[in-house]
Chemist: 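Sharing a structure here in structure tokens format.
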Number of protein chains: 2
Amino acid sequence: MSHFAHLSEENYLKALFKLSSKQVKKVNNIALAKELDLNPATVLEMVRKLSDRKMVQLMPDKTIHLTEKGRKKALLTIRKHRLWEVFLVDKLNYQWSEVHELAEQLEHIESEDLVNRLDAFLGFPASDPHGDPIPDKNGKLTQVQLIPLKEVELGKTYIVQSFAETADSFLDYLSKVDIRPAIKIKILDRNEYDQSLIVVINKKQLHLSEKVAKNILVKP
Amino acid sequence: MSHFAHLSEENYLKALFKLSSKQVKKVNNIALAKELDLNPATVLEMVRKLSDRKMVQLMPDKTIHLTEKGRKKALLTIRKHRLWEVFLVDKLNYQWSEVHELAEQLEHIESEDLVNRLDAFLGFPASDPHGDPIPDKNGKLTQVQLIPLKEVELGKTYIVQSFAETADSFLDYLSKVDIRPAIKIKILDRNEYDQSLIVVINKKQLHLSEKVAKNILVKP
DNA sequence: GGATTTTATTTGGCATGCCAAATAAAATGT
DNA sequence: ACATTTTATTTGGCATGCCAAATAAAATCC
Ligand SMILES: [Mn+2]
Ligand SMILES: [Mn+2]
Ligand SMILES: [Mn+2]
Ligand SMILES: [Mn+2]
């Protein structure tokens, strides 16, 4: 028994919430297995347990949907994750690109009271160091309209909000060129041939490939 | 696999360190099982694993001793536990009697870097909210000489440092009569018949039974 | 020293999560 | 329609930690 029972449930629910938010493709067993980097047999077994626990619903077309209960738990886990990230950056002076893995552990600390106190201690932040919004204690998420940098208008200035990619190599790159949430970015020009962008950040001119521009999310 | 692998190892090592510090009785399988509130078969199995991992040594007389490696790991876990307790009390406004169970989870967060930063953030505290000393980052523990209140001299004043008992009912009692680490306590009289004490705390007179007095540890 | 109690150990099981390999079913392409 | 690929499912196993019950060994009592 001990502590951290049903720890992995929270990871499954988070992954399901993430996939359903994208809603690019149907969320099936394979998609979930890929997201979690686990064997499909493992995932199928666990999804059945989650179904028994009324956290997910298995649809006739084999897609996996979060129930209200599952959605709530996913959002409370995301809340914990993001608040701990704020703590690590604001109080322990971590870089915003370093905190994700640490928060993967801290998010499983069980006490809800603790995370509510943490929220107050941090001054009720609206978003985490990556620019992602923090659900409130009831699991309510206030979404802002995000635009991929790839699709912005020339000449305008935007505020970097978050990113659509979490690979370390991507985050390292962003860190190197000093792109981070809340920073201002002005769009100078677009190369129509390869869809790359010329932008200005901190008064320095920068060339961003289409692949990078696709994964940087901004708001006007 | 996932996170928190070998989580229980840290609990076993902490328990072994605690028992060996008391050194009232020999630390054998039964004693450890009692301390951890686990089945002796379970504990024997785990102790053998810890022996394989060179964390403990099984002596010919069946007592269980921490190796240097095991002692170090125990002390680093205790360090994490106590620093998180300081965090909970100093930053999240918990009562010192509420934090133990929460710290039981937080102590298993793996990053050593994190706990060192936490230490700095908290201002390198010397002891936790219960008055217990915090090991440094190398696992070095500075012990102060502790005297059970039962054994103090009449007429003198002492400083409460920590407690030799962790039962909730005991901590609740202390909380009610406002006995906590760092508070001053003056010894007025001792009843020779039942070994109870009359003391003064915060200018209020208080009667302490022998059982209570045995478990309150003070320094001059 | 023989009976009793305590401690140590073995055995078989269980729960949670994970995997690889085999098979079955469904979807897709031509 | 038929072959290929993708997805779903089954089966047998493994690792970590836990328990209850049975047995063996050691210590203690009288
Ligand atoms: Mn996680
Ligand atoms: Mn984040
Ligand atoms: Mn613990
Ligand atoms: Mn403590």
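We name chains A, B, ... by the order of the sequence lines, and we start the count at 1 in each one.
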Chemist: Would you indicate, yes or no, if D:dT9 has its OP1 or OP2 atom less than 4.0 angstrom from a side-chain nitrogen or oxygen of A:K62?
Modeler: yes
Chemist: Whether A:N39 contacts C:dA20 is assessed here as follows: a side-chain N or O lying under 4.0 Å from the phosphate OP1 or OP2. Is that the case?
Modeler: yes
Chemist: Between atom CG of B:L149 and atom CZ of B:F163, what is the distance when rounded to the nearest 0.5 Å?
Modeler: 10.0 Å
Chemist: Side-chain donor or acceptor of A:N29 under 3.5 Å from a matching atom on the base of D:dA8?
Modeler: no
Chemist: Report which part of the nucleic acid A:I30 touches: base, sugar-phosphate, or nothing (heavy-atom distance under 4.0 Å, all strands).
Modeler: sugar-phosphate
Chemist: If you find the nucleotide of DNA chain D closest to B:A41 and the one closest to B:M46, which residue's nucleotide is nearer the 5' end?
Modeler: B:M46
Chemist: Reckon A:R48 has a side-chain N or O less than 4.0 Å from the OP1 or OP2 of D:dT10?
Modeler: yes
Chemist: Under 6.0 Å from the ring centre and within 45 degrees of the ring axis: does the NZ or CZ of B:K91 meet both conditions for the six-membered ring of B:F121?
Modeler: yes
Chemist: Using salt bridge (Lys or Arg N to Asp or Glu O under 4.0 Å) as the criterion, point out the one residue from A:K80, A:K14, A:R79 that pairs with A:E107.
Modeler: A:K14
Chemist: For C:dA22, which nucleotide is its Watson-Crick or G-U wobble mate, given both distances must be under 3.5 Å?
Modeler: D:dT9
Chemist: DNA chain D: A:T63 or A:E45, which has the more 5' nearest nucleotide?
Modeler: A:T63
Chemist: Below the 4.0 Å mark, does D:dC19 have OP1 or OP2 next to a side-chain nitrogen or oxygen of B:T42?
Modeler: yes
Chemist: For D:dC18 and B:Y12 - does any side-chain N or O of the residue sit under 4.0 Å from the phosphate oxygens OP1/OP2?
Modeler: yes
Chemist: Hey, does the side chain of B:K49 come within less than 4.0 Å of D:dA15's phosphate (OP1/OP2), counting only N and O?
Modeler: no
Chemist: Relative to A:Y94, does B:R117 satisfy both conditions: NZ or CZ under 6.0 angstrom from the six-membered ring centre, and within 45 degrees of the ring's axis?
Modeler: yes
